[in-house]
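Following: one structure in structure tokens, then a few remarks.
The analysis underlying the following values was restricted to heavy atoms, covering all of them including side chains, and did not include hydrogens, waters or symmetry mates. In this text the structure is predicted, and so the values were computed from the model without any measurement. Index from 1, following the sequence.
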Amino acid sequence: MLITELKSKETIHSLADGKKVFIINCFGCREVYFPLEEAAQLQEELTASGNVTGIMTTDYICNPENLKVRLEGHKAEVDAAEVVLVFSCGVGVQTVASYFEDKTVCACCDTSRLPGFQGVTPLEYDCGQCGECYLNLTGGICPITACSKSLLNGQCGGAKKGKCEVDPNMDCGWERIYRRLEAIGRLDALKCPTQIRNYATDEAVSK
């Protein structure tokens, strides 16, 4: 199972600042923990700015077929948005990012792990549940699980023809990240200083 916590209010407001946003809430795993009241209050603040085109609340967005069906009733709201803010675990954010190839998709939560089952996705997306989500810097592709070495500062240099040197059957995660950022016009994100991973967020939950 998992624990989902909001990123800081300042971080989430900065993701939406001056942009038209569509919000997706996923409550599929909320029986463990999801900050319902805090998320609702923050979304009210964002809506008050007049830049929220719509809000969709559903469950298990990690299942792409379910996500597609749920989004059909929000097409106009989604089309009007520049950014999609996702309140879910990392798997849900990655599924949404793969669906919206031409939009910036941002994670509004950090996910910490607990032993047990997570989500119902039939895909190979994975969330390391590290308690410190990097998806906003990498175009919705997790560098920890998409890269065999869990590198946070770019390619190792060992990839050949787009394939990982550790696993030749695996696409290089950082080449995927680069292509994704290029497609949504966010290559500037690669200029951000490397964010050092705080392993304490993971260890504290494991104990």
Residue list, salt bridge (Lys or Arg N to Asp or Glu O under 4.0 Å) with Glu45, at least two apart or on another chain: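 If we apply the salt bridge (Lys or Arg N to Asp or Glu O under 4.0 Å) test to Glu45, skipping adjacent residues, the hits are Lys9.
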Check: [X] side chain, [Y] main-chain N or O, donor-acceptor pair, under 3.5 Å:
X: Lys103; Y: Ala97; value: no
X: Thr57; Y: Asn25; value: no
X: Glu182; Y: Tyr178; value: no
X: Trp174; Y: Leu151; value: yes
X: Asn136; Y: Ala107; value: yes
X: Glu82; Y: Lys19; value: no

Could you check if a side-chain atom of [X] sits within less than 4.5 angstrom of a side-chain atom of [Y], using non-hydrogen atoms only?
X: Thr104; Y: Arg186; value: yes
X: Val93; Y: Val96; value: no
X: Gln94; Y: Cys142; value: yes
X: Asp102; Y: Ile184; value: no
X: Gln155; Y: Glu175; value: yes
X: Phe27; Y: Thr58; value: no
X: Arg179; Y: Arg176; value: yes

Distance-minimising heavy-atom pair for [X] and [Y]:
X: Lys149; Y: Cys156; answer: NZ-SG, 3.4 Å
X: Glu77; Y: Ile55; answer: OE1-N, 4.5 Å
X: Cys106; Y: Val83; answer: SG-CG1, 4.0 Å
X: Asp59; Y: Asn66; answer: O-ND2, 2.7 Å
X: Leu6; Y: Ala39; answer: CD1-N, 3.7 Å
X: Glu165; Y: Gly158; answer: CB-O, 3.3 Å

Examine [X] and [Y] and state if one hydrophobic cluster contains both, with Ile, Leu, Val, Met, Phe, Trp and Tyr joined whenever side-chain heavy atoms are less than 4.5 Å apart.
X: Ile24; Y: Tyr60; value: no
X: Phe100; Y: Leu85; value: no
X: Val105; Y: Leu71; value: yes
X: Phe22; Y: Val69; value: no
X: Phe87; Y: Met56; value: no

Do Ile23 and Leu46 pass the side chain to side chain contact (heavy atoms under 4.5 Å, CB included) test, and can you show the C-alpha distance, the side-chain angles, and the key distance before you say yes or no? CA-CA 10 Å; Ile23 295 172; Leu46 293 174; 4.2 Å; yes
Run the salt-bridge test on Glu132 and Lys7 with the 4.0 Å N-O cut-off and return the result as yes or no. no
Quick one: pull up [atom1] in [X] and [atom2] in [Y] and give me the separation to the nearest 0.5 Å.
X: Cys109; Y: Glu38; atom1: SG; atom2: CD; value: 10.5 Å
X: Cys26; Y: Leu67; atom1: SG; atom2: CG; value: 9.0 Å
X: Arg70; Y: Glu65; atom1: CZ; atom2: CD; value: 13.0 Å
X: Asp110; Y: Gln129; atom1: CG; atom2: CD; value: 12.0 Å
X: Glu44; Y: Gln41; atom1: CD; atom2: CD; value: 7.0 Å
X: Gln43; Y: Thr47; atom1: CD; atom2: OG1; value: 7.0 Å

Would you tell me whether His13 and Glu10 have side-chain atoms, one donor and one acceptor, within less than 3.5 Å of each other? no
Might you work through the side chain to side chain contact (heavy atoms under 4.5 Å, CB included) test for Asp17 and Asn51, ending with a clear yes or no? CA-CA 9 Å; Asp17 188 32; Asn51 290 330; over 6 Å; no
Tell me whether Glu72 at atom CD has more than 12 heavy atoms from other residues, nucleotides or ligands lying less than 6.0 Å away. yes
Are there more than 12 heavy atoms of other residues, nucleotides or ligands under 6.0 Å from atom CD of Glu101?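 No.
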Hey, mind stepping through Ile177 and Leu181 against side chain to side chain contact (heavy atoms under 4.5 Å, CB included) and telling me if it holds? CA-CA 6 Å; Ile177 289 169; Leu181 291 173; 3.9 Å; yes
Ser88 vs Thr4, side chain to side chain contact (heavy atoms under 4.5 Å, CB included): CA-CA, chis, key distance, verdict: CA-CA 7 Å; Ser88 80; Thr4 307; over 6 Å; no
